[in-house]
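Shown next, in structure tokens, is the structure this report addresses.
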Amino acid sequence: MVFLARFLYSNLKGYRLLVVGAFISTILEVIVAGQVAFVTKFIIDKATPPHTDPGGFYSAILNLFKPVAAGQSQAIFTTITFLLIMLVVLGLLDSAFTYAQQFLASYIAQHLTARLREKLFDHLQRLSLDWHGKQKKGDLVQRITGDIASVEKLITDGLVDLLGSVFTVLNAIVLMMAAQVQLTVISIVMVPALFIIIFTYTRSIKAAAKRASKSVGQVADVATEDVGAITVLKAFSLEDREAIRFNRYVGKSRQAGLEAGGLQAQFTPVVNLLITVGTAVILGEGCFALATGTFPIVNIQANPPVTAGTLVLFLSLLKQLYQPMKDLSKLTNVATAALAGAERMQEVLDQAPEVTESVAPYHGPQRFQGDIRFDNVIFGYSAERPVLKGINLHIPAGKKVALVGLSGGGKTTLVKLIPRFYETTQGAVKIDNIDNRVIPLDVLRRNVTQVLQESVLFEGTILDNIKIGRPDATLEQIYEAARQAQIHETIMSLPDGYETAVRERGKNFSGGQRQRLAIARAILCDSPILVLDEPTAALDVEAEAEVLRVIDKLVVGRTVLMISHRLSTLGKVDEIIVLKDGLIAEQGNYQELKQRNGIFAGLLKEQNRYSVDYSGESMIVPKGEIQRMLGVRSQGLGAQQSSIPLAARSEVAVAGNGQRAAVADDGGNPSGRLLIEVDGKVVAQKPLDKPVLTIGRLPANDVHVPSQRVSRLHAKVRWDAMERGWVIEDAESLNGLVYQGQRVDQHLLHRGDRIHLAPSAVLQFEPQ
């Protein structure tokens, strides 16, 4: 709970005085509620023999309005009337303080919720594409919605109530002690038993709440994935399979919720029983003391005597004494859910942004010519697997360059380094001979426009979507861009023209229309550098022809980098760069590369194999070519071993680097150790000395990884007797487990395997 307190304190800046105000209102409300019980006691004592007058504060006020001689009593009618008026006044004060505390709590909660959502969403947008590519989208949505809602519920229903409950208990005890010490001692006998039950259940309820929160994130993740791929589901008739998978996660969520509910269901009856027993004991002892002047069982003389008013006061205060303890279980649920949510939000906020702005002031140009240079650029999504392995390339301003090659060769990665979507590992990318790392991101990205394979349109109107990259554009400039993109007439034919609403991701437009709208957006931006990443790959022949005609106008006067697998469309580019395995394998224009009979010519021949004009021997790929392709594929299996089922891998038990998996020693006992590396330095090592070890950033874990980017419980490593090796499993952490650049849920460890828990936190496995 200390973490939750620090989290709230840091995020409540500007509202802390309001929190104090809510606490003060709560304390005053508790005091007033206690006085209501005392006034009720005074009324009953005055109405019954020996007709005792109220004491202290109330007697002083009454004497101001109706003075009496020393030793004389006030009239019964006068006293009761006065006390009834005081009861109404106290009721009004109680209502006012209750309103103040609830309004302030709601006000603070809504502003805190908005602040957290804005902060978390803004931070998510600034994290790297690589990080986002490894995350489960539904889980991130759950952190922005459900987890923040848990914190909001704590503020509105828990924080003030928690303080109020504690103060109510203390106030009740003080008032009871002031009225009758002996009966108070009897009343609080049940308090230790209640506390023992509450704290016994707290740990189990907390664990169940965290499991329930995680399971809801899994359900949201599966739902998001399936809704986004609904066309594929229908195309392959996967509805039943996905329904089974979704129901499996719903079942896990239901089970987690049932566990939490079951614990609560056990807790409440036990507390109710104790409260009932406590009330019966107080009522019995009090009634006997009222009738005989002595407490039974203990046989102690009541001093001061127990009156009817005293007994009513105690019965009233017992509710204030026991009810907060009963409610504490609900507050525990709220607090533990908020703690789990705060931890999950902080995990995201602890992630480092994609790139850092240069601290040096920038005095360079705001618009560039478009000259691009790659100087010995090396880059990889993980240190063990570089994607680009030393690229040296110069693209003069105004040149049209195509990037081709097999999938995974690094084409898209290369162009994403230009606007600094990723940071180079080594080397530099320069724009007009200026290192792009010293250029402010907003300036850099205004000079680079991208038209992607799938053009995304956002909620709003057509007008809003076209001027995304240039909000200050005039209507005439927008119309001209749409005309050049050959989409203006189509827009004007719509009932609402440029004010036509865009549905989710532009589903109310065809693929060709979406692409031409994206091109109109690019034309309006008027950036000197244009990146075309397969802009026609998802279009039919007619739409492709329309888009290509528009692109011919778009590329004029710009530096263009085009990624394309349709090699026959590259005849007009100035230069073709062939990438293979992260290196430039060939470079030249279309005719030069075609005549060179190298990689490009081979790719071109393969594409033409299925053309009706192809004069080759068969439409079917020859058996020898199939064998060659399978041979090439099998060479890469080592890099993808993490995706092979454990049972299949156990048959060979050999890692991609040729090392055997760790097996038991001669005595049949597991052995091995983990080297813990943070920021490139080995900070500790941990022998694998028991069947299951927990891994996380908290010192309480078996394997302590001191990095804020590691989850509190990040993973577990366990000995698998069937595999005769150690298996590391993700514990539903944020950054997960990354092996050789791929996120894995579990992995059979082999000698030298390096598992990334975060970009700067690595575990290396060594058998012993």
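These numbers come from the heavy atoms of this one structure, side chains and all, not from hydrogens, waters or symmetry mates.
Remark: side-chain polar atoms of D435 are not paired, donor with acceptor, to backbone N or O of V438 under 3.5 angstrom. In this structure, the side chain of E586 engages the main chain of I599 through a donor-acceptor pair within 3.5 Å. In this structure a side-chain-to-backbone donor-acceptor pair under 3.5 Å is present from N392 to N376. A donor-acceptor contact shorter than 3.5 Å links the side chain of R445 to the backbone of R420. Between the side chain of R516 and the backbone N or O of I487, no donor-acceptor pair lies under 3.5 Å. Judged by distance alone, the side chain of T559 and the main-chain N or O of G370 form a donor-acceptor pair under 3.5 Å. In this structure, the side chain of Q513 engages the main chain of S510 through a donor-acceptor pair within 3.5 Å. N436 places no side-chain N or O within 3.5 Å of a backbone atom of P419 that could act as its donor or acceptor partner. Of the possible polar contacts, one joining the E592 side chain to the N589 backbone as a donor-acceptor pair under 3.5 Å is found. Looking only at distances, no side-chain donor or acceptor of K389 sits under 3.5 Å from a matching main-chain atom of V387.
Interatomic distance, Q740 CD to H747 NE2, rounded to the nearest 0.5 Å: 7.5 Å. One finds the CD1 atom of I491 at 10.0 Å from the CD1 atom of I478 (value rounded to the nearest 0.5 Å). One distance of note links CG of L583 with CG of L388; it measures 8.5 Å at 0.5 Å rounding. Between the CD atom of Q484 and the CD atom of E480 there is a distance of 5.0 Å, given to the nearest 0.5 Å. If you take CZ on R483 and NE2 on H488, they are separated by 4.5 Å, rounding to the nearest 0.5 Å. Put simply, CD1 on I395 and NZ on K400 are 11.5 Å apart, with the number rounded to the nearest 0.5 Å.
In this structure, the side chains of V502 and F509 come closer than 4.5 Å at one or more pairs of heavy atoms. Between V401 and M562 there is no side-chain heavy-atom pair separated by less than 4.5 Å. In this structure, I418 and F374 have side chains that are in contact, with non-hydrogen atoms separated by less than 4.5 Å. In this structure, I755 and L749 have side chains that are in contact, with non-hydrogen atoms separated by less than 4.5 Å. When side chains are defined from C-beta on, I391 counts as touching L393, because their heavy atoms get closer than 4.5 Å. Side-chain contact between T424 and I378 is absent, with no heavy-atom pair separated by less than 4.5 Å. Within the 4.5 Å cutoff, side-chain heavy atoms of V678 are placed close to those of V705. Inter-residue side-chain proximity for I372 and L561 is flagged as met; some heavy-atom pair is nearer than 4.5 Å.
Shown here are the ring-ring contact (aromatic ring centres under 6.0 Å, His included) partners of F379, two or more places apart in sequence or in another chain: Y381, Y422. Listed by chain and residue number, nothing satisfies the ring-ring contact (aromatic ring centres under 6.0 Å, His included) test with F368 (two or more places apart in sequence, or in another chain).
Between A758 and N735, the closest heavy-atom pair is CB-ND2, 4.0 Å. Taking each heavy atom of Q366 and N447 in turn, the nearest pair found is O-ND2, 3.0 Å. In this structure, L734 and S711 approach most closely via the heavy-atom pair N-OG, 3.3 Å. The nearest pair of heavy atoms linking Q587 to I584 is OE1-CG2, 4.0 Å. Across P365 and I434, no two heavy atoms sit closer than the pair CD-CD1, 3.7 Å.
Counting heavy atoms of neighbouring residues, nucleotides and ligands inside a 6.0 Å radius, atom CD of E242 exceeds 12 of them.
Looking at R754 and E677, a side-chain N of the basic residue comes within less than 4.0 Å of a carboxylate O on the acidic one, giving a salt bridge.
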Let me see the working for T413 and K411 under side chain to side chain contact (heavy atoms under 4.5 Å, CB included), right down to the final yes or no.
CA-CA 5 Å; T413 300; K411 303 181 296 297; over 6 Å; no
Any chance you could lay out the side chain to side chain contact (heavy atoms under 4.5 Å, CB included) test for L737 and D745, step after step, and finish with the verdict?
CA-CA 7 Å; L737 307 176; D745 292 327; over 6 Å; no
Stepwise side chain to side chain contact (heavy atoms under 4.5 Å, CB included) check, Y590 with L604
CA-CA 10 Å; Y590 183 88; L604 190 60; 3.5 Å; yes
Residue pair V682, I676: steps toward the side chain to side chain contact (heavy atoms under 4.5 Å, CB included) verdict
CA-CA 6 Å; V682 176; I676 303 159; 5.9 Å; no
Which pairs of donor and acceptor atoms, one on a side chain in residues 520-530, lie under 3.5 Å apart (sequence neighbours left out)?
residue, atom, partner, partner atom, Å
R521, NE, N465, O, 3.1
R521, NH2, V456, O, 3.3
D526, OD1, R558, NH2, 2.8
S527, OG, R446, O, 2.7
S527, OG, T449, OG1, 2.6

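Side-chain contact of D730 with H714: a donor-acceptor pair under 3.5 Å is absent, judged by distance alone.
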